[in-house]
Amino acid sequence: VASPKGGMNIEEVAATTPDAIFKEPIDLQTGVRDDQVERLSKAMGFSSASTLKQTKDLLKKLYEVFMKYDCTLIEVNPMGETHNGRVLCVDIRLNFDENADFRQKDIFALRDVSQEDPRETQASKNGLNYIGLDGDIGCLVNGAGLAMATLDVIKLYGGNPANFLDLGGGASAA
(Lines give C-alpha, C1' and ligand atoms only; values in the text may rest on other atoms or scores of the structure.)
Protein backbone atom coordinates (compact mmCIF):
# COMPACT_ATOMS: atom_id res chain seq x y z
CA VAL A 1 0.00 0.00 0.00
CA ALA A 2 1.41 3.40 -0.92
CA SER A 3 0.29 6.99 -1.21
CA PRO A 4 1.90 10.24 -2.29
CA LYS A 5 -0.21 11.97 0.39
CA GLY A 6 1.17 10.00 3.34
CA GLY A 7 0.86 11.77 6.64
CA MET A 8 0.00 10.61 10.10
CA ASN A 9 -3.57 9.59 9.32
CA ILE A 10 -3.59 7.43 6.22
CA GLU A 11 -7.12 6.31 7.15
CA GLU A 12 -8.28 9.90 6.63
CA VAL A 13 -6.51 10.02 3.25
CA ALA A 14 -8.27 6.78 2.30
CA ALA A 15 -11.65 8.20 3.34
CA THR A 16 -11.30 11.64 1.72
CA THR A 17 -9.18 10.84 -1.35
CA PRO A 18 -9.32 7.08 -1.97
CA ASP A 19 -7.79 7.57 -5.42
CA ALA A 20 -4.55 8.59 -3.63
CA ILE A 21 -4.13 5.09 -2.15
CA PHE A 22 -2.32 2.56 -4.32
CA LYS A 23 -2.22 -1.17 -3.63
CA GLU A 24 -0.16 -3.97 -5.13
CA PRO A 25 -0.85 -7.51 -3.92
CA ILE A 26 2.35 -9.54 -3.72
CA ASP A 27 2.48 -13.26 -4.38
CA LEU A 28 4.73 -14.64 -1.65
CA GLN A 29 5.84 -17.48 -3.92
CA THR A 30 7.18 -15.21 -6.66
CA GLY A 31 7.96 -12.09 -4.63
CA VAL A 32 7.64 -8.47 -5.61
CA ARG A 33 7.82 -7.87 -9.36
CA ASP A 34 9.53 -5.05 -11.26
CA ASP A 35 6.25 -3.85 -12.77
CA GLN A 36 4.71 -3.57 -9.30
CA VAL A 37 7.49 -1.47 -7.79
CA GLU A 38 7.53 0.71 -10.91
CA ARG A 39 3.77 1.37 -10.65
CA LEU A 40 4.06 2.22 -6.94
CA SER A 41 7.10 4.41 -7.51
CA LYS A 42 5.35 6.40 -10.22
CA ALA A 43 2.14 6.59 -8.19
CA MET A 44 4.10 8.18 -5.34
CA GLY A 45 5.48 10.80 -7.72
CA PHE A 46 8.98 9.49 -8.36
CA SER A 47 9.13 9.76 -12.13
CA SER A 48 12.57 11.00 -13.18
CA ALA A 49 14.90 8.23 -14.32
CA SER A 50 17.11 8.64 -11.24
CA THR A 51 14.39 8.82 -8.58
CA LEU A 52 12.41 6.05 -10.24
CA LYS A 53 15.41 3.71 -10.15
CA GLN A 54 16.20 4.61 -6.52
CA THR A 55 12.60 4.15 -5.40
CA LYS A 56 12.28 0.82 -7.18
CA ASP A 57 15.50 -0.36 -5.49
CA LEU A 58 14.29 0.84 -2.09
CA LEU A 59 10.93 -0.90 -2.43
CA LYS A 60 12.61 -4.17 -3.42
CA LYS A 61 14.98 -3.92 -0.46
CA LEU A 62 12.10 -3.21 1.91
CA TYR A 63 10.37 -6.35 0.64
CA GLU A 64 13.57 -8.36 1.17
CA VAL A 65 13.79 -7.06 4.77
CA PHE A 66 10.11 -7.88 5.30
CA MET A 67 10.61 -11.48 4.27
CA LYS A 68 14.07 -12.10 5.75
CA TYR A 69 13.24 -10.76 9.23
CA ASP A 70 9.65 -12.03 9.59
CA CYS A 71 8.10 -8.58 9.58
CA THR A 72 4.39 -8.08 10.00
CA LEU A 73 4.62 -4.40 9.04
CA ILE A 74 7.04 -1.99 7.42
CA GLU A 75 5.67 1.54 7.43
CA VAL A 76 7.69 4.29 5.75
CA ASN A 77 6.52 7.81 6.47
CA PRO A 78 7.79 9.75 4.73
CA MET A 79 9.79 8.58 1.78
CA GLY A 80 11.18 11.69 0.16
CA GLU A 81 13.61 13.22 -2.25
CA THR A 82 16.47 15.41 -1.06
CA HIS A 83 17.52 18.65 -2.75
CA ASN A 84 20.25 16.74 -4.61
CA GLY A 85 17.93 14.01 -5.92
CA ARG A 86 18.48 11.22 -3.38
CA VAL A 87 15.43 9.17 -2.40
CA LEU A 88 15.40 8.31 1.31
CA CYS A 89 13.19 6.59 3.82
CA VAL A 90 13.10 9.34 6.45
CA ASP A 91 11.27 7.39 9.14
CA ILE A 92 10.43 3.69 9.28
CA ARG A 93 8.36 1.64 11.68
CA LEU A 94 9.03 -2.09 11.77
CA ASN A 95 6.92 -4.75 13.47
CA PHE A 96 8.08 -8.34 13.74
CA ASP A 97 6.21 -11.60 14.12
CA GLU A 98 6.61 -12.53 17.78
CA ASN A 99 6.26 -16.19 16.82
CA ALA A 100 9.55 -15.88 14.92
CA ASP A 101 11.63 -14.79 17.92
CA PHE A 102 13.47 -18.13 17.86
CA ARG A 103 14.56 -17.38 14.29
CA GLN A 104 15.26 -13.67 14.79
CA LYS A 105 17.16 -13.59 18.08
CA ASP A 106 19.35 -10.63 17.01
CA ILE A 107 16.29 -8.57 16.12
CA PHE A 108 14.41 -9.40 19.31
CA ALA A 109 17.51 -8.60 21.38
CA LEU A 110 17.08 -4.99 20.21
CA ARG A 111 13.53 -4.77 21.56
CA ASP A 112 12.92 -1.62 23.60
CA VAL A 113 9.81 -2.21 25.70
CA SER A 114 9.84 1.44 26.81
CA GLN A 115 8.57 2.22 23.29
CA GLU A 116 5.63 -0.17 23.62
CA ASP A 117 2.24 0.09 25.25
CA PRO A 118 2.90 -1.17 28.81
CA ARG A 119 -0.46 -2.96 28.81
CA GLU A 120 0.56 -4.97 25.74
CA THR A 121 3.96 -5.74 27.29
CA GLN A 122 2.39 -6.96 30.54
CA ALA A 123 -0.15 -9.07 28.67
CA SER A 124 2.60 -10.64 26.57
CA LYS A 125 4.57 -11.56 29.70
CA ASN A 126 1.47 -13.43 30.88
CA GLY A 127 0.85 -15.24 27.60
CA LEU A 128 -2.08 -13.02 26.59
CA ASN A 129 -2.77 -11.03 23.44
CA TYR A 130 -3.77 -7.45 24.19
CA ILE A 131 -4.31 -4.50 21.88
CA GLY A 132 -5.50 -1.18 23.27
CA LEU A 133 -8.21 0.57 21.28
CA ASP A 134 -9.94 3.96 21.60
CA GLY A 135 -13.35 2.90 22.91
CA ASP A 136 -14.95 2.54 26.32
CA ILE A 137 -16.16 -1.09 26.38
CA GLY A 138 -13.63 -3.60 27.68
CA CYS A 139 -13.39 -7.05 26.07
CA LEU A 140 -12.00 -10.13 27.82
CA VAL A 141 -12.50 -13.08 25.47
CA ASN A 142 -11.32 -16.68 25.23
CA GLY A 143 -10.04 -17.18 21.65
CA ALA A 144 -9.12 -14.74 18.90
CA GLY A 145 -12.06 -15.68 16.67
CA LEU A 146 -14.57 -15.01 19.44
CA ALA A 147 -12.71 -11.80 20.31
CA MET A 148 -13.01 -10.52 16.73
CA ALA A 149 -16.69 -11.45 16.60
CA THR A 150 -17.25 -9.68 19.93
CA LEU A 151 -15.59 -6.50 18.63
CA ASP A 152 -17.79 -6.66 15.52
CA VAL A 153 -20.97 -7.01 17.62
CA ILE A 154 -19.96 -4.10 19.85
CA LYS A 155 -19.44 -1.90 16.76
CA LEU A 156 -22.66 -3.19 15.15
CA TYR A 157 -24.67 -1.94 18.13
CA GLY A 158 -22.97 1.47 18.22
CA GLY A 159 -20.35 0.82 20.87
CA ASN A 160 -16.61 1.27 20.77
CA PRO A 161 -14.29 -1.43 22.09
CA ALA A 162 -11.57 -0.27 24.50
CA ASN A 163 -9.35 -3.25 23.86
CA PHE A 164 -8.80 -6.65 22.32
CA LEU A 165 -7.79 -9.07 25.06
CA ASP A 166 -7.55 -12.68 24.00
CA LEU A 167 -6.89 -15.31 26.65
CA GLY A 168 -5.57 -17.61 23.96
CA GLY A 169 -8.43 -20.05 23.63
CA GLY A 170 -7.14 -22.20 26.47
CA ALA A 171 -9.20 -20.93 29.40
CA SER A 172 -11.39 -23.47 31.16
CA ALA A 173 -13.78 -23.55 34.14
CA ALA A 174 -11.25 -25.58 36.16
Side-chain angles (χ1 to χ4, degrees), residues 1-101 103-104 106-108 110-112 115-117 120 129-135 144-145 147-156 158-164 166:
V1 176
S3 177
K5 301 245 180 204
M8 294 302 292
N9 194 349
I10 196 69
E11 292 82 8
E12 186 177 319
V13 172
T16 58
T17 53
D19 56 320
I21 303 290
F22 301 95
K23 301 175 186 175
E24 285 289 339
I26 299 172
D27 182 331
L28 296 179
Q29 299 298 320
T30 59
V32 66
R33 298 185 323 261
D34 285 340
D35 63 307
Q36 292 177 301
V37 292
E38 182 163 345
R39 273 194 299 275
L40 286 177
S41 298
K42 287 180 177 177
M44 290 187 294
F46 298 103
S47 55
S48 75
S50 173
T51 59
L52 186 59
K53 180 184 181 325
Q54 291 176 70
T55 308
K56 287 169 57 176
D57 289 344
L58 267 174
L59 292 175
K60 287 180 183 180
K61 288 176 183 172
L62 288 170
Y63 177 76
E64 289 171 15
V65 166
F66 185 88
M67 296 304 291
K68 180 178 180 180
Y69 295 104
D70 295 298
C71 293
T72 57
L73 171 84
I74 295 182
E75 180 180 311
V76 177
N77 188 17
M79 179 183 286
E81 180 181 352
T82 65
H83 70 282
N84 60 355
R86 288 188 59 209
V87 176
L88 301 173
C89 296
V90 179
D91 187 24
I92 295 182
R93 175 180 165 200
L94 301 164
N95 288 355
F96 301 94
D97 183 350
E98 291 181 7
N99 295 310
D101 63 348
R103 212 175 16 243
Q104 304 296 344
D106 291 342
I107 295 291
F108 281 86
L110 300 171
R111 184 176 181 187
D112 181 0
Q115 297 297 309
E116 299 177 21
D117 183 329
E120 292 178 18
N129 297 308
Y130 178 89
I131 299 171
L133 302 172
D134 293 332
M148 295 303 292
T150 302
L151 298 179
D152 288 345
V153 169
I154 290 170
K155 293 296 283 183
L156 179 67
N160 289 307
N163 66 286
F164 172 99
D166 170 24

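Quantities reported herein were computed from a predicted structural model and do not represent experimental measurements. In this chain, residues are counted from 1 in sequence order.
Expressed to the nearest 0.5 Å, how far OG1 of Thr51 lies from CD of Glu81 amounts to 5.0 Å. To the nearest 0.5 Å, atom CG of residue Leu58 and atom CG of residue Leu40 are 12.5 Å apart. For the atom pair CZ (Phe108) and CZ (Phe96), the distance works out to 7.5 Å, reported to the nearest 0.5 Å. Atom OG1 of Thr55 sits about 10.0 Å away from atom CG of Leu88, to the nearest 0.5 Å. From Gln36, atom CD reaches atom OG1 of Thr30 across 7.5 Å, with rounding to the nearest 0.5 Å. Atom-to-atom distance recorded for Lys56:NZ and Asp35:CG is 9.5 Å, nearest 0.5 angstrom.
Annotation for Gly132 and Glu120: closest pair N-OE2, 3.7 Å, computed over non-hydrogen atoms. Phe66 approaches Thr72 most closely through the heavy-atom pair CE1-C, 3.7 Å. Residue Phe22 comes nearest to Pro4 through the heavy atom pair CE1-CD, 3.7 Å, listed as atom of the first residue, atom of the second, then distance. In terms of heavy atoms, Ser41 sits closest to Val37 at OG-O, 2.7 Å.
Within a 6.0 Å radius of CG in Asp27, more than 12 heavy atoms belonging to other residues, nucleotides or ligands are found. Few gaps surround CD on Glu116; more than 12 heavy atoms of other groups in view lie less than 6.0 Å from it. Annotation: Tyr130, atom OH; neighbour count of heavy atoms from other residues, nucleotides and ligands within 6.0 Å is above 12.
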Quiz prompt | Check against side-chain contact (heavy atoms from CB on, under 4.5 Å), Ile21 and Ile10 | solution = CA-CA 9 Å; Ile21 303 290; Ile10 196 69; 3.8 Å; yes
Practice problem: Report the C-alpha separation of Lys155 and Asn160 in whole Å, then their side-chain angles, then the decisive distance to 0.1 Å, and conclude whether the side-chain contact (heavy atoms from CB on, under 4.5 Å) test is met. | Solution: CA-CA 6 Å; Lys155 293 296 283 183; Asn160 289 307; 2.8 Å; yes
Self-check item: CA sep, side-chain torsions, deciding dist, call: Lys60, Asp34, side-chain contact (heavy atoms from CB on, under 4.5 Å)
Solution: CA-CA 8 Å; Lys60 287 180 183 180; Asp34 285 340; 2.2 Å; yes
Self-check item: Test log, rule salt bridge (Lys or Arg N to Asp or Glu O under 4.0 Å), inputs Arg33 and Glu24
Solution: CA-CA 10 Å; Arg33 298 185 323 261; Glu24 285 289 339; 5.1 Å; no
Quiz item: Given the rule in the side-chain contact (heavy atoms from CB on, under 4.5 Å) test, do Leu62 and Ile92 qualify, once you have shown the distances and angles that lead to the verdict?
Solution: CA-CA 10 Å; Leu62 288 170; Ile92 295 182; 4.2 Å; yes
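Judged as a side chain to side chain contact (heavy atoms under 4.5 Å, CB included), and not counting sequence neighbours, Asp106 has no contacts.
Residue pairs meeting the salt bridge (charged side-chain N to carboxylate O under 4.0 Å, His left out) criterion with at least one partner in residues 42-53, sequence neighbours excluded, are Glu38-Lys42, Lys53-Asp57. Among residue pairs with one or both ends in residues 84-98, those qualifying as salt bridge (charged side-chain N to carboxylate O under 4.0 Å, His left out) are Glu75-Arg93; sequence neighbours excluded.
A side-chain donor-acceptor contact under 3.5 Å links Ser3 to the backbone of Ala20. Side chain of Gln54 to backbone of Gly85: a donor-acceptor contact under 3.5 angstrom is found.
The shortest side-chain heavy-atom distance between Phe164 and Met148 falls under the 4.5 Å cut-off. Side-chain contact between Val87 and Met44 is absent, with no heavy-atom pair separated by less than 4.5 Å.
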